[in-house]
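Since the structure comes first, as structure tokens, the remarks are kept for the end.
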Amino acid sequence: AQKVTQAQTEISVVEKEDVTLDCVYETRDTTYYLFWYKQPPSGELVFLIRRNSFDEQNEISGRYSWNFQKSTSSFNFTITASQVVDSAVYFCALSEGRYNFNKFYFGSGTKLNVKP
Amino acid sequence: SAVISQKPSRDICQRGTSLTIQCQVDSQVTMMFWYRQQPGQSLTLIATANQGSEATYESGFVIDKFPISRPNLTFSTLTVSNMSPEDSSIYLCSVERGGLSPEAFFGQGTRLTVV
């Protein structure tokens, strides 16, 4: 079974529209971390946010906001007033602790196209 | 944070040949990770590389196909052996910061095309 599911393969919006990227995760650990990474066309992975399993507070950073709901095992990402520079593939990831490292599981990614 | 340099950034290789990808980190790290990202797909962990011991491979990946070296705490190599077009992917090196604020840091990736 997938540990991290991003059901939206590709989304296209027009600049200034709001867009929400969905992420559903599955884990039996009580302590875990959730992440969002951005992969622009250049290919590098850019860290956006980390949440631990004990902190369900929503977070806002500029035009970005994240909604973490343990009850539905979801960690959704909203971009407000999208811009062309937001065009990228966005990955949701889950990290579970192991003996001496954290194992990361990545979703399949959502490709966001923001058109001018 | 960690700065990770990968070489080469891209290559086009003939089937049946091998390519060695280098990963250099700007600080000493215990563990390094190698991921594969097939076209349009997510990242899949290939193996975990500890300095001074054999790499630990994930299900579906074997040492004969993806031998890994880890000669010191700042460097690792991944070799893609006897390549076929199905090996065309982005290969990413990663290190992690553990503790209460874990994070994975990635190199810029190696875009491999096998013809």
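Order of the sequence lines fixes the chain letters, A, B, ..., with proteins taken first and strands second; residue numbering starts at 1 for each chain.
Between B:Arg15 and B:Asp87 no salt bridge is recorded (no basic side-chain N to carboxylate O distance below 4.0 Å). Salt-bridge check for A:Arg51 with A:Glu59: passed, with a basic side-chain N closer than 4.0 Å to an acidic carboxylate O.
A donor atom on one side chain and an acceptor atom on the other are found under 3.5 Å apart for B:Trp34 and B:Ser76.
When heavy atoms are compared at a cutoff of 4.5 Å, B:Glu103 approaches chain A by way of both its backbone and its side chain. For chain B, no part of A:Gln6 is nearby; none of its heavy atoms comes within less than 4.5 Å. With a 4.5 Å cut-off on non-hydrogen atoms, A:Ser42 touches chain B through its backbone but not through its side chain.
To the nearest 0.5 angstrom, A:Ser95 atom OG is 12.0 Å from A:Tyr32 atom OH.
Options B:Ala104, B:Ser9, B:Ser94, B:Gly40 differ in how many heavy-atom pairs under 4.5 Å they form with chain A, and the most are formed by B:Ala104.
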